[in-house]
Amino acid sequence: MSKTADIRLPDPSRWKALAFIALAQLMVVLDATIVNIALPHAQTALGISDANKQWVITAYALAFGGLLLFGGRIADLWGRKRTFVVGLIGFALASALGGAAQNQGMLFGSRALQGVFGALLAPAALSLLAVMFTDARERAKAFGIYGAIAGGGGAVGLILGGFLTQALNWRWTFLVNIPFAVVAAAGAYFVIREPAGSRNRSPLDVPGVVLSALGLVSLVYGFTRAESAGWSDALTIGMFVASGVLLLSFVLTESRVKSPLLPLRVVLDRNRGGVYLSLGLAIIAMFGLFLFLTYYLQVVKGYSPIRTGFAFLPMIAGMITGSTQIGARLMTRVPARKLMGPGFLTAAVGMLLLTQLEIGTSYAGLILPAQLLLGLGMGTAFMPAMSLATHGVEPRDSGVASAMVNTSQQVGGAIGTALLNTIAASAATAYASSHAALGARNPELLKLQSMVHGFTGAIWWAVGILVVASAIAVTFINAGRPSAGPAAGASGSGDADGAEDEFKVPVVAH
């Protein structure tokens, strides 16, 4: 950033741009859960075996998680607006392919393509916000909206997925992405004006791209395979070893090359490192919760897919309130850690309530208040986390910094699904073994009780993970509240003694 960069009037179309960026983010987050609802129907229609059905989810996760850093670097190199629009168009075409799939190969291929273009789209969207909203108060509002969508969109996907699957058919869970993408791409093309002089035109770090992609793919696949094949499976262990070697090689490469894919200054900053780590841990807990509550409501309580989706509405309401009414209003008044720490703890209290789940638990008496606390806590914490993750970085690094947010979420989701599901399955098996007498009298009751016992056992772990996330946020993050308006320069970390700085938003000349 030039020292002579002047402060100019904000782009008058920035709020319109936010609407289209938010729409694209909603589409990506919806897709993460909407396909889960339709999976059993797609499996039957296309004759996908039980052994292969995981690839509908895994193909997307591998492509998306493995290419996020590359997508963020492309956004910095090629231009965020262009990358954003290309990502949207590609996502729409991949969704059309999925909706028209005639066999499992077409479906798996479409999901992998969705992951590729999602890896372009997601970091471009977040980095556009980072460079377009430079006033602290406006930035708080913009990231509050973005954080609410990022947190609550998954639950909306459950509602929409249930409705489309029941009222129409599973293909519409893919085809519904097309109007989202077309409207967002058209709006972005005509409305978004990316600030000039913020690109990173350094040569692409090809070794870094290869090592990071292979390392992240190995890591995500390792956790995905652990869920189905177990932690002691030879290939599972091999994936984790390969991931460790590849990612270590990636870090060594990035410390030596002239133009690294991921400048280590982005992740070694105390505040951003704290955000990436605490956010990833929180996502581990949240992904496990979505999985367990969905099964609990549908299998144990007998809810339909649509009713299950609506049962998640209190969490959405809590997230929106936490992001826009608590996080956004307080972000310019208190340091980020004083929002993130208590936010994750509030979510942990909500999760703690769910450890009391039983077969006959009342939705209104326990599940609803637990979801409200979870939503409020996560919304309050997500909002400053999203903003701080890209705060203080040089404009040329905003794409890769945004990609790290998505990477921590994606890896956290893969770990959460595999780790907590494995814990739940082990606890359920142990419970069933110790209550064999009940199984002889009422096998169906034992099955349900074992399932619920497994869920509550894993949810205890999720409580602990959220407490650790809170501790990391309070310990690592020491940036002070943002200044009330834009200022040249930025500081994102405290002094060595832990004193809190006023962190200021960098000005980018248009």
Side-chain angles (χ1 to χ4, degrees), residues 54-55 57-77 108 111-120 122-123 200 202-269 272-273 275-277 279-281 283-284 287 389 397 399-419 422:
Q54 64 161 327
W55 285 102
I57 307 300
T58 304
Y60 177 87
L62 293 181
F64 187 70
L67 294 174
L68 272 168
L69 287 176
F70 176 65
R73 179 66 181 89
I74 289 295
D76 288 334
L77 175 66
F108 299 160
R111 290 291 286 162
L113 282 175
Q114 280 184 315
V116 170
F117 288 106
L120 290 176
N200 183 348
S202 302
L204 188 61
D205 171 21
V206 176
V209 170
V210 174
L211 289 170
S212 66
L214 291 178
L216 289 171
V217 163
S218 298
L219 183 63
V220 173
Y221 184 62
F223 279 106
T224 302
R225 183 171 176 83
E227 184 183 358
S228 58
W231 298 93
S232 60
D233 174 72
L235 184 55
T236 301
I237 296 172
M239 286 294 102
F240 286 134
V241 171
S243 173
V245 172
L246 288 164
L247 292 178
L248 179 59
S249 300
F250 170 69
V251 171
L252 293 174
T253 300
E254 299 308 275
S255 66
R256 296 175 181 178
V257 298
K258 183 178 180 181
S259 303
L261 172 69
L262 174 62
L264 296 183
R265 60 181 177 270
V266 172
V267 292
L268 293 180
D269 175 85
R272 283 191 293 275
V275 167
Y276 298 146
L277 188 55
L279 197 59
L281 287 170
I283 293 295
I284 289 176
F287 263 66
D397 292 335
V400 75
S402 302
M404 277 301 300
V405 178
N406 290 282
T407 300
S408 67
Q409 291 177 309
Q410 183 67 22
V411 173
I415 294 172
T417 302
L419 177 63
T422 302

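- Counting only distance, with no hydrogens or angles, the side chain of D205 and the backbone of L261 share a donor-acceptor pair below 3.5 Å.
- A 4.5 Å side-chain heavy-atom check between F250 and L262 finds at least one atom pair inside the cut-off.
- Although no hydrogens or angles enter the test, the distance criterion places a donor-acceptor pair under 3.5 Å between the side chain of T253 and the main chain of S249.
- Across every non-hydrogen atom of A119 and A63, the tightest pair is CB-O, 4.4 Å.
- The minimum heavy-atom distance linking G118 with P123 is given by the pair O-CD, 4.2 Å.
- Residues R73 and P203 approach most closely at NH2-O, 3.7 Å, considering heavy atoms.
- Judged by distance alone, with hydrogens and angles left aside, the side-chain atoms of S243 form a donor-acceptor pair with the main-chain N or O of G215 at under 3.5 Å.
- A heavy-atom distance below 4.5 Å is found between the side chains of L281 and I284.
- Sorted by first and then second residue, the side-chain hydrogen bond (donor to acceptor under 3.5 Å, both in side chains) pairs involving residues 206-215 (not counting sequence neighbours) form an empty list.
- Between T236 and G230, the closest heavy-atom pair is OG1-O, 3.3 Å.
- Side-chain contact check for L216 versus F64: every heavy-atom pair is 4.5 Å or farther apart.
- For the pair M404 and L69, the minimum side-chain heavy-atom distance is below 4.5 Å.
- Summarising the geometry, atom CZ belonging to F70 is positioned 9.0 Å from atom CG belonging to L77; distances are rounded to the nearest 0.5 Å.
- To the nearest 0.5 Å, atom CZ of residue R272 and atom OG of residue S408 are 13.5 Å apart.
- R111 contributes no side-chain N or O that, together with a main-chain N or O of A59, makes up a donor-acceptor pair within less than 3.5 Å.
- Contact between G412 and I283 at its shortest, heavy atoms only, is C-CG2, 3.9 Å.
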Check step by step if side chain to side chain contact (heavy atoms under 4.5 Å, CB included) holds for L264 and S255.
CA-CA 7 Å; L264 296 183; S255 66; 3.8 Å; yes

List the steps, then state whether side chain to side chain contact (heavy atoms under 4.5 Å, CB included) holds for Y276 with D269.
CA-CA 11 Å; Y276 298 146; D269 175 85; over 6 Å; no

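- For W231 and F223, the ring centers are positioned less than 6.0 Å apart.
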